[in-house]
Amino acid sequence: MSLVTLLAADPAAAQRWRRTFPGEPEQAAAARRFAAALLPDCPFLDDVLLATGEMVGNALRHTKSGRSGGRFAVEIRRTGDLIAVAVTDEGGPTEPATPDADPLAESGRGLRTVSACTTGWGWFGNETGRTVTAVFASGGPCGEAVRAL
Ligand SMILES: Nc1ncnc2c1ncn2[C@@H]1O[C@H](COP(=O)(O)OP(=O)(O)OP(=O)(O)O)[C@@H](O)[C@H]1O
Ligand SMILES: [Mg+2]
């Protein structure tokens, strides 16, 4: 099952919240607070906040969202035990990637961190805008499906 199929499952049961933020550095904390306020009972909230911070940091650092007047959006979807956090940016010249880590490098670990603390992650889009999505599931068939991506 693909990530898209999984996230589209049972759409009538899904809860969705979306907010647009100014592309300013302090808005990373605002995005984390947005997620924390919506998911107070989430058993893996720490992981959700860590991944959200990394994805928003990337939007600000690597895309036009971080330029003057830029914006980014955070969407949170919840269907039962499945939570997805999607960060949409305004695009840039690079693509989200997890290149082989240089042990001495001072950066390049954000998406590896996202990969390590989520059930799955992915992205779509192009240089005019990309959406990076991280999925969290507490076991069960959904978790297995995403791990198989
Ligand atoms: N939303 C994005 N749009 C375009 N390119 C991205 C995006 N997110 C990440 N990238 C690309 O993927 C690379 C790896 O991202 P990652 O978050 O792992 O490292 P980093 O942001 O360079 O450093 P760190 O997060 O460790 O401070 C980035 O250097 C960038 O080239
Ligand atoms: Mg990063």
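Computed from heavy atoms alone, side chains included, the values below leave out hydrogens, waters and symmetry copies. Just follow the structure's listing: the first ligand is 1, and inside any ligand the first atom is 1. Residue numbers start at 1 and run along the sequence shown.
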What about [X]: any of its N or O atoms under 3.5 Å from an N or O on ligand 1?
X	value
Gly108	yes
Pro99	no
Arg109	yes
Thr94	yes
Gly110	yes

When you measure from [atom] to every protein heavy atom, which one gives the shortest distance, and what is it?
atom	result
atom 9 (C) of ligand 1	Asn58 ND2, 3.6 Å
atom 10 (N) of ligand 1	Pro96 CA, 3.5 Å
atom 21 (O) of ligand 1	His62 NE2, 2.7 Å
atom 12 (O) of ligand 1	Ala97 N, 3.3 Å
atom 18 (O) of ligand 1	Leu111 N, 2.8 Å
atom 27 (O) of ligand 1	Arg61 NH1, 2.9 Å
atom 11 (C) of ligand 1	Glu95 O, 3.2 Å

Which atoms of ligand 1 are found less than 4.0 Å from any heavy atom of [X]?
X	result
Thr63	1 (N), 2 (C), 3 (N)
Asp89	1 (N), 2 (C), 3 (N)
Glu54	25 (O)

So, Glu75 and Arg18, do they make that salt bridge, N to O below 4.0 Å?
yes
Check this for me, if you would: do Asp89 and Arg61 make a salt bridge, where the nitrogen-to-carboxylate-oxygen distance has to be below 4.0 angstrom?
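Here Asp89 does not pair with Arg61 in a salt bridge, since their nearest N and O are not under 4.0 Å apart.
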Does any N, O or S atom of Ser107, backbone or side chain, fall under 2.8 Å from the Mg ion (ligand 2)?
no
Hey, are the side chains of [X] and [Y] touching, using non-hydrogen atoms and a 4.5 Å cut-off?
X	Y	result
Ile76	Phe34	yes
Met55	Val85	yes
Trp121	Val135	no
Val56	Val74	yes

When rounded to the nearest 0.5 angstrom, what distance separates CZ in Phe136 from CG in Leu82?
10.5 Å
